[in-house]
Novice: 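I have a structure here, written as structure tokens, and I will follow up with some questions on it.
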Amino acid sequence: MSLLRVENLSKHYVFNRSLGQRLTGAPQRVVRAVNGVSLSVKKGEILGLIGESGCGKSTLGRAILRLHEPSSGRVVFDGTDVTALPAAELKAMRRRMQIIFQDPYASLNPRRTVADIVGLPLALHGIASGAEARRITAEVLERVGLRASQLDRYPHQFSGGQRQRIGIARALVSNPDFVVCDEPVSALDVSIQAQIIALLLELKRDLGLTYLFISHDISVIGYLADRVAVMYLGEIVESGPVISVLENPRHPYTQSLLSAVPDVGPRRSRPRVRLQGDLPSPLNPPAGCKFHTRCPLAVAACKTLVPEKRAIGPDHSAACHRLEEGLSLLEDVR
Amino acid sequence: MSLGKLLERIIQLIPVLLGVSLIVFVMLALTPGDPVQIMVGEQSITPEQEAELRRELGLDRPLAERFLRFVADAVRFDFGQSYYHGRPVADVIAERLPATIELSLVALIVALVTAIPLGVLAAIRKNSVFDRLATIGSLLGVSLPGFWFGILLIMLFAVHLQILPVSGRIGYSSEVPTVTGFLLIDTLVAGNVSAFGEALRYLLLPAITLGLPMTAILMRVTRTSMLEVMRQDYITFAEAKGLPRRLVLYRHALKNALIPTVSVAAIETGSLLGGNMIVETVFGWPGLGRLVVESIFLRNYPLVQAAVLLYAVTYVLLNFLADILYTLLNPRVKL
Amino acid sequence: MSDAAFAPAPQADSLFRRNLREFRSNRLGMASVIVVLIFVIMAVAAPLVAPQDPNETDLMRRLQPPAWMPGGEWAFLLGCDALGRDILSRIIYGARISIFIGVAVIVLATGVGILAGLAAGYFRGWVDVVIGRVVDILLGFPYLIFAIGLMAMMGPGLFNIVLALAYKEWVIPCRVVRGETLAVRELEYVEAARALGAGSRHIMWREILPNILSPVIVVSTIRMANVIILEASLSFLGLGVQPPTASWGSMVADGRAFILEAWWVSTFPGVAILLLVLAINVASQALRDAFDPRFSE
Amino acid sequence: ADLIVGFTRDADTLDPANHRNRETETIIRNLHDGLLTRDANMLVVPEIAESMTQISATEYEFKIRSGIKFHDGSEMTAEDVKFTLDRIALEGAMGGQTSPRQSLIGPVASVEVTAPDTVRIVLSEPWPILPAMLPNQQIVSRAFVEAQGNEGLATAVNGTGPFRLVEWRKGDAVIMERFDDYYGGAADIAPVGKACVDRVIFKIIPESASRVAALLAGEVHIINELPVFSMAQVEANDGTEVMTVNGTRSFFIAMNMEGEHFDDLRVRQAAAMAIDKDLIIDRILGGTAAPIDGILSPDAFGASSLPSLGYDPERAKALLAEAGFPNGIDITLDTEGPFKDTAEAIASMLSKAGIRTTVAVGEGAQLTDKWRTKGGAKSGDMYFTSWGNGSLDPFDIFTPTHRTNDRGNSAGYSNPELDALLDAAAIELDSEKRAAMYHEAELMINADQPYVYLWVPKDIYGVSKRVSGWQPSADSRINLHDACLN
Amino acid sequence: MTVLLEVTNLRTEFVARAGLVRAVDGVSLKVSRGECLGVVGESGSGKSVTFSSVMGLVRSPGRVTQGTIFFDGQDLRAMSGEEMRAIRGRDIAMTMQDALTALNPALTVGQQLAEVLEAHDETLPRGRMARRAAIRDRAVEMLGLVGIPSPDQRLRQYPHEFSGGMRQRIMIAIALACRPKLLVADEPTTALDVTIQAQVLELISDIRARLGMAVVLITHDLGVVAEHCDRVMVMYAGQVVEEGPTDEVIAQPRHPYTRGLLASIPRPALRGQPLTPIEGQVPDLVGLPPQCRFHSRCPLARPECMVDVPMFEAGPGRGARCLRLEEMT
Ligand SMILES: Nc1ncnc2c1ncn2[C@@H]1O[C@H](COP(=O)(O)OP(=O)(O)OP(=O)(O)O)[C@@H](O)[C@H]1O
Ligand SMILES: Nc1ncnc2c1ncn2[C@@H]1O[C@H](COP(=O)(O)OP(=O)(O)OP(=O)(O)O)[C@@H](O)[C@H]1O
Ligand SMILES: [Mg+2]
Ligand SMILES: [Mg+2]
């Protein structure tokens, strides 16, 4: 049973044109940050979401939580259509769906103490107050590896890794079921990153949490996710069980992504795919398959036709016109 | 710069101008003191004559009608007759405006040419004696009441040392044909170098008095932004390229450091234009500011309305100009 | 988790206290704070400090020079003005007015500015547009002309002076607050609060406001210095406080007429303005160095 | 040589018929001449006119001099005189607009050219001060006005005065040069002939300190409105001196007789006795003012010596107590900014006598609205103000300030007996009788004390010692025809 | 191979509010001609400061207080500011982490390329016009070299008109304009996406091979080092804790920190196995006592470790700063 189902979700940012621009007929500018994304996450599962910078990962995460109002599509959480909830019920729902942010510096209010920050959900949802709230807060802090004695300190008195723990504690204090982790380790040093990953896995195991884990680092996703979705310019190009996708990537973008990851293993014998050019701007994305401008396998049809998502294996699907041909960039080069 | 942005600027101007004129209008209307009474003063006047005068000045109309008429006329650059001057307001203002603009511009130039090098130098020699002196100087500059400073300058340079004139725009021995109204330009057009020098001498003290606070502010802005820029990666990278120091400072640092200076200068110039009646009064400078203050006391409504509108337009235009300058300095911003 | 995780534990004090310590170590800054305090105490305790009744006229002492000049008297240390009133006592009492006006204008302006700026920056959209237009209009309206108009409209009086000075003053904190709010509202901790279910009110007052306050305070102190000078300018144009109360501005303005024959009448209050304004400026610069490192170099 | 006058205010216009401003007239009067003028003793003498005859109470005839030239070289005729007077007197005579100076020339019914060199003014009712008022109207050229239009006249000048306009730098200076074809000016005022200096420049310096500084620095040669406290310095300076002349403006304090305190004569008298006029004149006005006990200046027609209450604060307190205010009263004294100092000195004197006074500085237009209500309701207690009397004829100071509900009656004084007397005096042709009537009126107001009559200050000028042949004039004109610069 | 850069016992200190920060403390290193040295370490471990010191770019409040720096036989620390300027950009070039902030937003890319040629290139012709044309040609050539399409038009554009990867390449073009002997690439790819990162790194490798220059590649990604560098130097808290040929160091780390670092990297291959993170935090660099800097986090720490540990040799061309390095095999 899936805990979360996202159906055809889109988030378009429309840039308002000024009166002057309208008068001179400047075109309306729209960023299709998330474009018709569907996915589902089972209870207790970690869904990894990877993709390059600006492809819409964060937007998708926030749209699911309705931190950014989706432009269209549905988000069904535990049987409730989150996208249709009125404000009051949405607020209640926020107890159950939480988010952990990338930047341990920007995500904590520098003017409030740890007790304030972590205890905020308790106050907002009327769960507890006063000494009771403090007790709960202290417990959660201990849970994430901090100490109760640090309750009255300010964020600047903590290191990056400790701050990230505070952020995690804040997300956990209201006992959520589902947590969006928006690149929670990208800003951290390798040695600290490992600490946080270990903590997140431990929490998931102990509390039965479900994560949407966003990252641009395939190694991290490959290490901890159960399933993975690969995003390119606002769309999911390939998704499936993590092993299946990493071992047998079928979309040329996934393939090039995988080949680009540097690895500490012995000198690589892996082939390298060289993509041409840069990511197109989401302001005027290419027509047809959005990857065709950089795809070594692109054919004429790719420029005009939007590829359908097709199943490849159990729970594994990809959107590419040349899927059936069984071509692989990796093998090609080899 | 795109046509759209230009259009937009013009469209933005409309509510500002309407708002400004509405405020002046309401303000003047609510101000006690009857213009007719003030005109007549101590002389006797029959009620019929008074009514006649009132009608001539349009004061017998309801306020809303007067406002609409004012707006309608203003669109055609018709600002009515000045009660006191017996001439169109536009003419009266046009005669005074060049003096005010000239003074403000020279003050601005004085401020810019002293503030920028001083600010840069203070930033480069951060924490040096020079930097400290400059900082104290700039603090003094913003702490001195302008009128007091002006009078002190007159006492020193005009009365005691007698090396600069007390008041006015130019002496009366030189005749300068009016072309632009800006004496510094007109004297040059006339090829009269000694008159140019004279005009400059007359300008010096008022320009310094007017420009001083601005110099102080701009110097601090330049210093701060220069220090900020010097911390940027691109300065380190320029150093890493082994460029001569001069090039690093002036091509790489200064151009970026001037960006905040320009926008502050634009705002300050606005207040300079609107705020120089004090300097005009102290130095007998025949500018618009003094005229407007007198006109408020005389309830010379048409003149006040037109002048305030003019200030508003100037302010908006100045900021527009600053925006253009901004894009020249900062290609990231597209107008 | 091993204890080593918390290696060198930072002192458990607030950001504020740390900043305060920083501030105290700035000697020039402290000196100016002391100067400001002296002025404030002088103002509050004026009846105890002033050697004479500030409004007691004595035409026989008209323009009496300061004590150390021939014709001076030690009881009238800084000399007398045109009505024979003791200049020192008037400066002491004048501090009340000048400081009151400075503080009242800034408090009023900052309050309005914070409300407007927070609303504009947080809600954006039409709220921002409307506030932005109002700001444009006020900025396009020359300061002194408006002040003069307002004074002519409402007549002189302390309250009216405060209004005439504050009408546009709020634009400055408003702009600062708006800019900061726009920046802060995009920060993740604001988003976090929203994710936790916080409403607009909580976010504006509890999450955003405390974080934008220090630049506002810094700007406001600098502006306060400016307001004191502006009040003096109003006095120069004959729109100052009502007699016999003196503000420093009106003392300088009235005394300027005698500058040739009795320089002390306008010079001493002028020096008082200079001192206080300078002290406020220096203090605010130190304040900003300590509290808002972004502004300092 | 250039004679430069440091002057407080610029001319509003150079059209003699289109302003109501004293400073404007001062400037214009050097470019234009009038039918009549005044000599150093304020006596009205003919200027452009050769002679004046009063034919009846309402008819005056003027013989016009011949050979007078306008600056453009054209000859001035009686037609020009009629044109000038019509332009002022007739409704809508200035291109549809009526001259704002209309009321200054009285109830003119018509102006006729009765002979090529004779002009007759016919009044609709007697107006004895016509001769005293005519020096204030200047003759313009009909042809020139018709060519330039009324608006053109604001900046263009073609007068008959001793100087012709060179350039008007608005807000800065009016520059004039000697008119070499000048007919010489009033025959009764020596010397007759062309002006002495080559050029005259009225340089505008509104700020007093700057004006004095300019005089001391030698930049200007004459300044008006020299502040009292700068007198010593101007005197002490080597090249400059102070010149004073009796002014025409009477200062007084209006007491609101409709108010709760000043409806009682005893309170009004107490106020008068509380003020030490002599001390103020001595200390604040530098001794340059004449105390008055009635409305008229000592120089005015009909002025006479009057009983004085004197300075007696003790008696004042007693009177207050008698009036039912043993503990004194609290009142406000309204005044305008420039008189703040004096008003404060007065207030502190009043306070010492039990009339505890707060000074409220208001702005001119506002105070006019508040006090000169022409019979409308009044608020306020006291108003420190003044009234000008350029003609030095009681008619234009006595009536407006004391006649019931008249335009300058700030005290709200109403005395039907006095009203009748003033009305009668206005049309009395016999000057001796007229003087006696005004003396009687002065005694009435002296007894009723609607105002505390204070003083008539002198006009003070700072003058360079290089200037000779110039005297300040009581009507505050600065006539530079005779001035020379060494 | 001859040594191009030799740094001995370098110490760089900063005067900070909290106290004296020894950002670099006793760093010694060698770079041979044509070789690629990888420098890894956590944020704040002194990687950038080390090479800023080499280039003479440490600014107040920082100061190089000790050590020698020899480049191509010249003593850089003995040089005057002007002499250093002549070397910088010509013989040693540098690229920075974030290309957007490192390129001046107010100058066109062409200007920024031209000025370095103008400053250093002595082969340019004398005449004004000829000189200008020559500079232009060289600029176009350099942009072409780093793979920017239609370089002659792109020269007139401003940095913000390029994408992140292109900016990084432009910065590399500027650094390489004078064919330096040593390129210090400070985290050239950290701000870039994986696919672009691969492009840029390969570009550097290609050019290195073509021009035969030495490269110092600063990064905190061991994977990058593994793929591109001959030798690696691991820094921790201002010191070099281990160095040696890349393959050997990765295969067999001889310092507990290097070992912990390698174990901390999450890899798909490790799925299901617990990661073994290094516990604790990097120590604060203010007022550190002279002792092993890793001991508070080190699983092998012992009381003897509380001394200033020198660099021990750990095989041919290898060294590690650990008393117990023998035990780690
Ligand atoms: N508030 C917004 N207004 C307009 N455009 C936005 C907004 N937020 C994001 N975008 C645009 O939407 C696109 C997707 O942004 P998003 O932050 O979701 O990407 P991401 O995959 O999370 O990238 P990163 O890895 O850099 O975090 C980007 O092109 C971005 O510019
Ligand atoms: N200007 C400075 N003032 C004070 N300390 C500084 C300054 N610059 C650097 N440091 C200190 O020097 C140490 C090393 O910094 P450095 O920039 O070399 O680290 P790095 O290894 O390059 O890290 P990163 O991976 O984050 O770039 C840091 O601890 C830092 O705090
Ligand atoms: Mg993101
Ligand atoms: Mg670094």
Novice: Answer with side chain, backbone, both or neither: which region of B/K241 has an atom nearer than 4.5 Å to a non-hydrogen atom of chain E?
Specialist: both

Novice: Side chain from CB out, backbone as N, CA, C, O: work out which of these in E/L57 comes under 4.5 Å of a heavy atom of chain B, or both, or neither.
Specialist: side chain

Novice: At a heavy-atom distance under 4.5 Å, which candidate from E/R85, E/H120, E/M94, E/E118 has the highest pair count against chain B?
Specialist: E/R85

Novice: Which side-chain hydrogen bond (donor to acceptor under 3.5 Å, both in side chains) pairs, counting each pair once, include a residue from residues 140-149 of chain E, with sequence neighbours left out?
Specialist: E/E141-E/R179

Novice: Under 3.5 Å, side-chain donor or acceptor atoms of residues 162-169 of chain E against the rest of the protein: list the pairs with distances, not counting sequence neighbours.
Specialist:
{"residue": "E/S163", "atom": "OG", "partner": "A/D278", "partner atom": "OD1", "Å": "3.4"}
{"residue": "E/S163", "atom": "OG", "partner": "A/D278", "partner atom": "OD2", "Å": "2.8"}
{"residue": "E/R167", "atom": "NE", "partner": "E/P159", "partner atom": "O", "Å": "3.2"}
{"residue": "E/R167", "atom": "NE", "partner": "E/F162", "partner atom": "O", "Å": "3.2"}
{"residue": "E/R167", "atom": "NH2", "partner": "E/F162", "partner atom": "O", "Å": "2.9"}
{"residue": "E/Q168", "atom": "NE2", "partner": "E/M96", "partner atom": "O", "Å": "3.3"}
{"residue": "E/Q168", "atom": "NE2", "partner": "E/P188", "partner atom": "O", "Å": "3.1"}
{"residue": "E/R169", "atom": "NH1", "partner": "E/G147", "partner atom": "O", "Å": "3.3"}
{"residue": "E/R169", "atom": "NH2", "partner": "E/Q199", "partner atom": "OE1", "Å": "3.4"}

Novice: Side chain, backbone, both or neither: which part of E/A102 has an atom under 4.5 Å from a heavy atom of chain B?
Specialist: both

Novice: Any sub-3.5 Å donor-acceptor pair from E/T108's side-chain atoms to E/R156's backbone N or O?
Specialist: no

Novice: Specify which of E/A106, E/A119, E/G89 makes the most heavy-atom pairs with chain B at under 4.5 Å.
Specialist: E/A106

Novice: So does B/R223 pair up with B/D131, basic N to acidic O under 4.0 Å?
Specialist: yes

Novice: Any luck finding a side-chain donor-acceptor pair between E/E115 and B/H252 under 3.5 Å?
Specialist: yes

Novice: Is chain B contacted by the side chain of E/L100, its backbone, both, or neither, given a heavy-atom distance below 4.5 Å?
Specialist: neither

Novice: For B/L247, is it the side chain, the backbone, both, or neither that has a heavy atom closer than 4.5 Å to a heavy atom of chain E?
Specialist: side chain

Novice: Side chain from CB out, backbone as N, CA, C, O: work out which of these in E/M84 comes under 4.5 Å of a heavy atom of chain B, or both, or neither.
Specialist: neither

Novice: Give the interface residues of residues 104-115 of chain B toward chain E, defined by a heavy-atom separation under 4.5 Å.
Specialist: none

Novice: Provide the closest heavy-atom pair for E/G46 versus E/T50 in the form atom of the first, atom of the second, distance.
Specialist: O-OG1, 2.6 Å

Novice: At a heavy-atom separation under 4.5 Å, does E/Q112 approach chain B through its side chain, its backbone, both, or neither?
Specialist: both

Novice: Can you pull out every salt bridge (Lys or Arg N to Asp or Glu O under 4.0 Å) where at least one residue sits in residues 207-220 of chain B? Sequence neighbours excluded, please.
Specialist: none

Novice: Identify which part of E/M55 has an atom lying under 4.5 Å from any heavy atom of chain B, answering side chain, backbone, both or neither.
Specialist: side chain

Novice: What residue among E/D72, E/L182, E/L5 forms side-chain contact (heavy atoms from CB on, under 4.5 Å) with E/R33?
Specialist: E/D72

Novice: Is a donor from one side chain sitting under 3.5 angstrom from an acceptor on the other, for E/D221 and E/T219?
Specialist: no

Novice: Quick check: does any side chain N or O of E/K47 sit under 3.5 Å from a backbone N or O of E/G41, one acting as donor and the other as acceptor?
Specialist: yes

